[in-house]
Amino acid sequence: MALLTPLFAFLYHLPQVYKWLLKPYYVASLFMCLAFLAVRKTPGICDHLSTQREDGNSCDFDWREVEILMFLSAIVMMKNRRAITVEQHVGNIILFSKVANVILFFRLDIRMGLLYLTLCIVFLMTCKPPLYMGPEYIKYFSDKTMDEELTRDGRVTWIVEFFANWSPECQSFASVYADLSLKYNCAGLKFGKVDIGRYGDVSKRYKVSASPLSKQLPSLVLFQGGKELMRRPQVDKKGRAVSWSFTEENIIREFNLNELYQKSKKLSKTKGDKLSQSEFLPVPEEEELEQPGAHVPHEDKAESKKDK
């Protein structure tokens with residue numbers, strides 16, 4: 001059963017996986033992940049490579065190379081146990097495949113290792129994973145608009161994600177956060193995002209570290225009337241983030257989104273009622289018009305002057 005669950009999950013997301021693999025970032029990553037395999041197995045190239053195999057076959061993996069690949073495969077499996085989206089699974093495979101290729105190429109030939117490492121650095125600087133571009137009900141804040149929006153209406157609850165575009169965890173979490181905004185957004189419960197990699201003042205003001213070593217990205221903070229009520233992941237006294245899994249189920253449970261949504265829907269109804277009442281001016285009754293000093297329409301006043 002433990003093996004069938006990830007298999008069914010992969011088959012369910014297979015159309016989406018194909019769509020991702022057709023993007024330039026994933027196509028280039030696939031070639032880089034298979035680089036050592038291609039060099040070791042391509043006739044005419046592998047014949048000139050060194051090997052530690054007893055049979056002297058330089059076109060097949062030796063025992064040391066198999067050991068390195070098995071070790072890094074175990075690391076990928078451990079990392080993917082905490083992955084919450086297909087993007088994270090694919091990202092972990094790409095990352096550790098490149099690490100394995102670097103080690104294997106350096107072990108094979110230092111010149112090939114330097115060449116492959118240079119290609120990895122150039123790829124990292126020039127190619128970025130595709131950002132989530134799907135539907136969402138999310139307001140993007142800047143350093144100037146965030147405080148104003150959070151304090152505009154004290155009855156509105158805000159859930160704000162502090163993120164950075166360069167963070168793989170934030171990129172993987174984007175689709176999960178967008179789905180939550182589609183399900184729970186209403187007049188009294190709103191979702192926002194702020195890029196602390198771009199707005200450093202917001203990072204300092206709300207004490208969310210933008211350092212890659214802090215493990216505070218992404219961070220979700222619940223605001224009511226501009227005041228912070230809770231955040232995940234939590235930060236201990238030493239400023240270290242407590243490990244927390246950003247799954248949809250964890251967010252719904254920890255932030256009590258179902259109850260918040262029910263309360264917020266009531267707020268939206270009351271707002272709608274007040275708006276509908278304010279759209280129409282109250283019509284004075286006949287008794288009020290007959291009383292002295294009551295408001296008389298202009299047409300009635302003109303008719304009364306003619307009578308006189």
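For residues 177-187, the salt bridge (Lys or Arg N to Asp or Glu O under 4.0 Å) pairs, not counting sequence neighbours, are Lys183-Glu248. The ring pair (Phe, Tyr, Trp, His ring centres under 6.0 Å) contacts involving residues 180-231 comprise Phe162-Tyr206, Tyr177-Phe191, Tyr184-Tyr261, Tyr206-Phe223, where partners must be two or more places apart or lie in separate chains. Residue pairs satisfying the disulfide (SG to SG under 2.5 Å) criterion with at least one member in residues 31-60, sequence neighbours excluded, are listed as follows: Cys46-Cys59.
In this structure Phe96 satisfies the ring-ring contact (aromatic ring centres under 6.0 Å, His included) test with no other residue, sequence neighbours excluded.
Between Arg64 and Asp62 no salt bridge is recorded (no basic side-chain N to carboxylate O distance below 4.0 Å). Salt-bridge formation is detected for the pair Asp147/Arg205: a Lys NZ or Arg NE/NH1/NH2 atom is positioned less than 4.0 Å from an Asp or Glu carboxylate oxygen. For Arg40 and Glu65, the salt-bridge test passes: some basic side-chain N is under 4.0 Å from an acidic carboxylate O.
A 6.0 Å sphere centred on CZ of Phe31 holds no more than 12 heavy atoms belonging to other residues, nucleotides or ligands.
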### Query
Would Gln52 and Arg107 satisfy side-chain hydrogen bond (donor to acceptor under 3.5 Å, both in side chains), going step by step from the backbone distance to the final call?
CA-CA 11 Å; Gln52 296 182 4; Arg107 182 177 175 274; 3.1 Å; yes
### Message
Walk me through whether Phe61 and Leu37 qualify under side-chain contact (heavy atoms from CB on, under 4.5 Å).
### Response
CA-CA 9 Å; Phe61 296 114; Leu37 176 63; 3.7 Å; yes
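For Ala210 against Ser203, the heavy-atom pair with the smallest separation is N-OG, 4.0 Å. When all heavy atoms of Asn250 and Arg253 are compared, the pair lying nearest together is OD1-NH2, 2.6 Å.
Other residues sharing a hydrophobic cluster with Tyr137 under the 4.5 Å side-chain heavy-atom criterion for ILVMFWY residues are Leu182. Its side chain outside the 4.5 Å cluster rule for every partner, Trp63 clusters with none of the Ile, Leu, Val, Met, Phe, Trp and Tyr residues.
Checked by atom type, the side-chain pair Thr157/Gln224 shows a donor-acceptor distance below 3.5 Å.
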